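A quick write-up on the structure given underneath.
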Amino acid sequence: MKLPVVNRNEYTIYLEFYNNIYWLHTDVFKWTAEVKKDYVRELNQLQILLNAPLYGIVDNPKLGKFGRLLGFAFVNNVVGNDNRVYQIYVRSL
């Protein structure tokens, strides 16, 4: 279950705790340099409070680029239940 933890007009950040891992989900509604600055600040604060790495699953190159822009690093590929290949990314402070 995804739990919204940051809700802004420009984006919503969700966390999902699954298999002892915090999975990050984000819905972005507007993206500017200022929104990115706020998003990264809030993401950093969230990680400080959790004291844990954040993981993300990527299903397209644009999302992978977005993750790398935010400090996520590629971990490995996995095959989903739908037999598609997904990339796992992690962000540590």
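Worth knowing before you read on, the calculation uses all heavy atoms, side chains too, and leaves out hydrogens, waters and symmetry mates. The model shown is predicted, which means the values in this text are computed figures rather than measured ones.
At least one side-chain heavy atom of R84 sits less than 4.5 Å from a side-chain heavy atom of D59. Here the side chains of N9 and K30 are not in contact, with every heavy-atom distance at 4.5 Å or above. Side-chain contact check for L50 versus L15: some heavy-atom pair is nearer than 4.5 Å. Looking at heavy atoms from C-beta onward, L24 lies in side-chain contact with L43 at the 4.5 angstrom threshold. Between R68 and Y89 there is a side-chain heavy-atom pair separated by less than 4.5 Å. The shortest side-chain heavy-atom distance between V58 and F72 does not fall under the 4.5 Å cut-off.
Counting heavy atoms of neighbouring residues, nucleotides and ligands inside a 6.0 Å radius, atom CG of N77 exceeds 12 of them.
In this structure, the ring pair (Phe, Tyr, Trp, His ring centres under 6.0 Å) partners of F17, at least two apart in sequence or on a different chain, are Y22.
For the atom pair N7 CG and I13 CD1, the distance stands at 10.0 Å (nearest 0.5 Å). If you take OG1 on T26 and CZ on F66, they are separated by 5.5 Å, rounding to the nearest 0.5 Å. In this structure, the separation between CG on N76 and OH on Y86 is 14.5 Å, given to the nearest 0.5 Å. For the atom pair H25 NE2 and L54 CG, the distance stands at 10.5 Å (nearest 0.5 Å).
Hydrophobic clustering of Ile, Leu, Val, Met, Phe, Trp and Tyr side chains at less than 4.5 Å, counting indirect connections, unites V35 with L70. Residues L63 and V78 are members of separate hydrophobic clusters, defined by side-chain heavy-atom contacts under 4.5 angstrom among Ile, Leu, Val, Met, Phe, Trp and Tyr. Put simply, V28 and V5 are part of the same group of oily side chains (I, L, V, M, F, W, Y) that touch within less than 4.5 Å, one to the next.
Residue pairs satisfying the salt bridge (Lys or Arg N to Asp or Glu O under 4.0 Å) criterion with at least one member in residues 36-58, sequence neighbours excluded, are listed as follows: R8-E42, D38-R41.
Between the side chain of Q87 and the backbone N or O of I57 there is no donor-acceptor pair closer than 3.5 Å.
Ring geometry for W23 against Y55 counts as tilted: the plane angle lies between 30° and 60°, on a 0 to 90° scale.
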